[in-house]
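Below is one structure; the comments refer to it alone.
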Amino acid sequence: IIRKNFGATHFIIGRDMAGTKSTITGDDFYGAYDAQETGKKFEAELGMTVTHYENMVYVGPEEGYVQESQAKKDGKKVAKLSGTEFRRRLRAGEEIPEWFAFKSVVDILRKAGDKAFI
């Protein structure tokens, strides 16, 4: 609604935008694409076009990032780094692969510390 009020005509909803963990089991409460499906269901009411955005995965320097479904279809080996693992590595001062984040960005995030994730 806020996006619509500011004149947006399209709304990109990424994978796991509604991501929240159950406080009891640690399992995902919503499915990875539930937010996209809900957005599509209500796009007429929202007055915006909801666009699909599939999860992207890194398949190597020659191809870079591709949609996860295409990588699976092609039998590609994918490299993944979750947001949780990324933050853990940042805090621990461990290596962050260059395919995941530019070194300059990693340096800024490390300097900012946990304040960068609030």
Side-chain angles (χ1 to χ4, degrees):
I1 294 170
I2 293 170
R3 287 173 175 86
K4 176 69 175 170
N5 289 344
F6 279 94
T9 59
H10 290 70
F11 186 13
I12 300 170
I13 300 177
R15 183 196 159 278
D16 204 23
M17 292 281 288
T20 181
K21 302 286 185 193
S22 165
T23 57
I24 297 171
T25 64
D27 295 329
D28 287 326
F29 187 77
Y30 295 105
Y33 294 98
D34 284 358
Q36 287 181 353
E37 292 167 13
T38 301
K40 275 294 209 193
K41 181 177 175 181
F42 293 104
E43 73 179 350
E45 185 178 336
L46 291 169
M48 291 187 287
T49 301
V50 174
T51 59
H52 172 80
Y53 185 79
E54 189 179 334
N55 194 37
M56 302 296 286
V57 293
Y58 185 76
V59 295
E62 291 179 13
E63 291 184 66
Y65 285 88
V66 298
Q67 291 184 341
E68 187 172 30
S69 64
Q70 188 64 47
K72 285 181 181 178
K73 180 179 162 188
D74 295 343
K76 301 277 185 184
K77 181 182 177 195
V78 301
K80 291 184 180 182
L81 187 65
S82 71
T84 300
E85 177 63 12
F86 175 60
R87 290 184 298 275
R88 187 197 69 73
R89 288 183 184 197
L90 278 173
R91 289 178 181 118
E94 295 177 11
E95 179 186 355
I96 307 293
E98 288 192 28
W99 57 262
F100 189 82
F102 294 115
K103 184 183 179 321
S104 58
V105 173
V106 170
D107 291 344
I108 290 167
L109 292 173
R110 283 197 168 126
K111 184 176 180 180
D114 285 340
K115 293 181 291 188
F117 300 103
I118 295 176

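This structure is a prediction, so every number in the text was calculated from the model and none was measured.
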Does atom CD of Glu94 have more than 12 heavy-atom neighbours from other groups under 6.0 Å away?
-> yes

Are Tyr65 and Val106 grouped together when hydrophobic residues (ILVMFWY) are joined by side-chain heavy atoms under 4.5 angstrom apart?
-> yes

Considering only heavy atoms from C-beta outward, does the side chain of Val57 approach that of Lys80 to under 4.5 Å?
-> yes

Taking the side chain as every heavy atom from C-beta outward, state whether Arg89 and Leu81 have any pair of such atoms under 4.5 Å apart.
-> yes

For residues Ala71 and Val78, report the shortest heavy-atom separation together with the two atoms involved.
-> CB-CG1, 3.7 Å

Who else is in the cluster with Ile108 when I, L, V, M, F, W and Y are joined by side-chain contacts under 4.5 Å?
-> none

So, do Lys76 and Gln70 sit near enough that their side-chain heavy atoms are less than 4.5 Å apart?
-> no

Closest heavy-atom pair, Lys115 versus Ala112, reported as atoms and distance to 0.1 Å, is CE-O, 3.4 Å

Okay, side chain of Glu43, backbone of Val50: is any donor-acceptor separation there less than 3.5 Å?
-> yes

Hey, are the side chains of Met56 and Gln67 touching, using non-hydrogen atoms and a 4.5 Å cut-off?
-> yes

Hey, what do you get for OG1 (Thr49) to CZ (Phe11), rounding to the nearest 0.5 Å?
-> 12.5 Å

Report the C-alpha distance between Glu37 and Lys40 in whole Å, list the side-chain angles of each, state the deciding distance to 0.1 Å, and finish with yes or no for salt bridge (Lys or Arg N to Asp or Glu O under 4.0 Å).
-> CA-CA 5 Å; Glu37 292 167 13; Lys40 275 294 209 193; over 6 Å; no

Would you call Asp114 and Arg87 a salt bridge, using N to O less than 4.0 angstrom?
-> no

Same cluster for Val105 and Phe100 if Ile/Leu/Val/Met/Phe/Trp/Tyr side chains link at under 4.5 Å?
-> yes

Look at the aromatic rings of Tyr58 and Trp99 and report parallel, tilted or perpendicular, splitting at 30° and 60°.
-> parallel

What do the steps show when you test Asp107 against Lys103 for salt bridge (Lys or Arg N to Asp or Glu O under 4.0 Å), and what is the final call?
-> CA-CA 6 Å; Asp107 291 344; Lys103 184 183 179 321; 2.9 Å; yes

Over all heavy atoms of both residues, which pair between Ile96 and Leu90 is shortest? Give the atoms and the distance, please.
-> CD1-N, 4.1 Å

